[in-house]
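Here the structure comes first, spelled out in structure tokens, and everything after it is commentary.
This one's a predicted model, so the numbers in the text were calculated from it and none came from an experiment. In listed order, ligands and their atoms are each counted from 1. Positions are given from 1, in the same order as the sequence printed here.
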Amino acid sequence: MKCKICGRPAVIKLPAHNIALCEKCFEEFVLRRVKNAIKTYKMFTKDDKVAVAVSGGKDSLALWDILTRLGYETGGIHIHLGIGKYSDESLQKAENFAKKINSELTVIYVRDFFGTGIPEIAKITKRKTCSVCGTIKRYLMNRFAYEKGYTVLATGHNLDDEASTLLGNLLYWKDLYLARKGPVLPSTHPKLIRKVKPLVFLTEREIAAYTILRGIDYIYEECPHAAGATSIFHKHVLNEIENYSPGTKLHFLKGFYERKNIFARLYPEETKMQHECKECGYPSSGEICGFCKLRRRVKEKLENGRETTTA
Ligand code: AMP
Ligand code: FES
Ligand code: ZN
């Protein structure tokens, strides 16, 4: 198997693009795909200061590496979730990488805000772990990206992630999610930073190959609370379709992005954050934001618990 571009021995076959590429041409292909996504969806420019949300996993570390190589001004933000050994190792990977590329990493600890980690917060609030984790991560990433003077926040969501959530949302006609979904989530308030997903044109397999070639050391384990079987099943179904007809995944997602206004039009007011939270001053749809409400509940519960045990 020879590289379609330069004729050297190929290291990877890309059926969706009908090519095989050598190491060097594959790396260039990856950089080009990301550059293309940034340009196509007008994500950011060289004047922006890009906060990369780094979990310590392969996608976000690859993203940080790629954006740095493309010459963007970047820094990392890592949220330590307080999920035992998994969180400590994730932080370690993020820190090691930041050191390697000589870039700044901002680390935020969930326990500094709640007095405890995600599993305990989920138990106290009787909410699903991943849902409560999502609310907290989104809030902290936005807040600290803003406070640190970044102008845009980039996450490592890839083509498989996006296509599988799209499939799930379509199967159950979750119009509101479909209205919000996209490669760019624009800022609708001065303190709400624009969110972008520069890896949407790359599959999980392509990103994994890139991290191996670049020698990027990431955390292999999934979060022990990893999003249920449904999203994994949808990824599996899409891979079956992809094997049968290469390129379908990309076509599916791009086609949705081209038509996404159909859904966005159903909820014209939805994205507007009218208020500022009375406690933290960050955008909110009500008087107190979801994060501060959560924090109050957890603090009350922990303080009550402490009183009962010391009484
Ligand atoms: P997930 O929702 O876990 O699939 O992660 C999607 C993206 O969110 C990752 O690629 C990261 O960019 C970001 N992310 C997830 N967890 C963290 C974290 N603990 N700290 C910072 N960013 C994160
Ligand atoms: Fe949030 Fe697993 S990463 S619950
Ligand atoms: Zn608040």
Side-chain angles (χ1 to χ4, degrees), residues 50-67 74-84 86-95 97-98 105-111 113 117-123 127-145 150 152-162 164-165 185 189 191-192 195-200 202 204 207 211 218-219 221-228 231-232 235 273 275-297:
V50 187
V52 183
V54 279
S55 63
K58 68 173 183 331
D59 301 305
S60 48
L61 288 180
L63 174 63
W64 202 1
D65 184 72
I66 295 164
L67 294 184
T74 63
I77 295 194
H78 177 76
I79 317 289
H80 186 283
L81 302 166
I83 309 181
Y86 167 76
S87 287
D88 296 336
E89 280 178 20
S90 303
L91 169 63
Q92 195 65 58
K93 301 290 179 191
E95 276 180 339
F97 189 77
L105 177 73
T106 305
V107 181
I108 321 291
Y109 291 85
V110 167
R111 67 165 174 265
F113 291 83
I118 296 287
E120 182 75 8
I121 298 170
K123 225 186 272 167
R127 276 181 56 181
K128 282 194 181 148
T129 316
C130 290
S131 142
V132 93
C133 175
T135 307
I136 291 172
K137 272 196 299 205
R138 273 193 300 276
Y139 175 91
L140 291 173
M141 285 196 255
N142 175 70
R143 178 166 160 180
F144 286 91
Y150 291 101
V152 58
L153 177 71
T155 56
H157 294 93
N158 60 41
L159 174 57
D160 294 62
D161 297 328
E162 293 305 283
S164 68
T165 21
L185 202 62
H189 184 284
K191 282 186 181 171
L192 201 61
K195 294 192 191 70
V196 296
K197 300 168 184 167
L199 299 185
V200 285
L202 289 167
E204 220 151 89
I207 295 165
T211 52
Y218 61 88
I219 179 153
E221 291 96 78
E222 284 270 353
C223 161
H225 306 278
S231 66
I232 297 168
K235 279 189 184 176
M273 291 284 206
H275 304 268
E276 282 187 3
C277 170
K278 283 201 166 149
E279 266 180 40
C280 68
Y282 276 82
S284 166
S285 49
E287 287 215 330
I288 308 277
C289 76
F291 180 87
C292 289
K293 278 188 200 154
L294 261 178
R295 211 174 142 192
R296 270 191 191 175
R297 273 179 72 187

(request) Give the intermediate values and the outcome of side chain to side chain contact (heavy atoms under 4.5 Å, CB included) for residues Arg127 and Thr135. (result) CA-CA 11 Å; Arg127 276 181 56 181; Thr135 307; 3.0 Å; yes
(message) Any carboxylate oxygen within less than 4.0 angstrom of a Lys/Arg side-chain nitrogen, looking at Arg295 and Glu279?
(response) no
(message) Under 4.0 Å between a side-chain nitrogen and a carboxylate oxygen: does that hold for Asp161 and Lys235?
(response) yes
(message) Could you check whether any side-chain heavy atom of Lys137 comes within less than 4.5 Å of a side-chain heavy atom of Leu81, counting everything from C-beta outward?
(response) yes
(request) Please examine the side chains of Ile121 and Phe113, heavy atoms only from C-beta on, and report whether any two atoms are closer than 4.5 Å. (result) no
(message) Going by ring-ring contact (aromatic ring centres under 6.0 Å, His included), name the residues that satisfy it together with Tyr86, two or more places apart in sequence or in a different chain.
(response) none
(message) Tell me every residue that passes ring-ring contact (aromatic ring centres under 6.0 Å, His included) with His157, counting only those two or more places apart in sequence or in another chain.
(response) none
(message) Within ligand 2, which atoms have a heavy atom of Cys133 less than 4.0 Å away?
(response) 1 (Fe), 3 (S), 4 (S)
(request) Could you tell me which atoms of ligand 2, counted from 1 in the order shown, lie closer than 4.0 angstrom to a heavy atom of Cys223? (result) 2 (Fe), 3 (S), 4 (S)
(request) Begin with the C-alpha distance, continue with both residues' side-chain angles, and end with the deciding distance and a verdict on side-chain hydrogen bond (donor to acceptor under 3.5 Å, both in side chains) for Glu276 and His189. (result) CA-CA 10 Å; Glu276 282 187 3; His189 184 284; 3.2 Å; yes
(request) Begin from the C-alpha positions of Ser164 and Ser231 and carry the test side-chain hydrogen bond (donor to acceptor under 3.5 Å, both in side chains) through to its verdict. (result) CA-CA 6 Å; Ser164 68; Ser231 66; 5.8 Å; no
(request) Please check if the side chain of Ser87 supplies one atom and the backbone of His80 the other of a donor-acceptor pair under 3.5 Å. (result) no
Would you mind writing out a table of all protein N or O atoms found under 3.5 Å from any N or O atom of ligand 1, naming both atoms and giving the distance to 0.1 Å?
unit_1: ligand 1; atom_1: 10 (O); unit_2: Gly156; atom_2: N; d: 3.1
unit_1: ligand 1; atom_1: 12 (O); unit_2: Ala53; atom_2: O; d: 2.6
unit_1: ligand 1; atom_1: 12 (O); unit_2: Gly156; atom_2: N; d: 2.9
unit_1: ligand 1; atom_1: 16 (N); unit_2: Lys137; atom_2: NZ; d: 3.4
unit_1: ligand 1; atom_1: 19 (N); unit_2: Ile79; atom_2: O; d: 2.9
unit_1: ligand 1; atom_1: 20 (N); unit_2: Val54; atom_2: O; d: 3.4
unit_1: ligand 1; atom_1: 20 (N); unit_2: Ile79; atom_2: N; d: 2.9

(request) Return the option from Glu222, Lys137, Lys128, His225 holding the heavy atom at the smallest distance from atom 3 (S) of ligand 2. (result) Lys137
(request) Classify the angle between the aromatic ring planes of Phe97 and Trp64 as parallel (below 30°), tilted (30 to 60°) or perpendicular (above 60°). (result) tilted
(request) Could you pull out the N/O/S protein atoms under 2.8 Å of the Zn ion (ligand 3), ignoring any water? (result) Cys277 SG, Cys280 SG, Cys289 SG, Cys292 SG
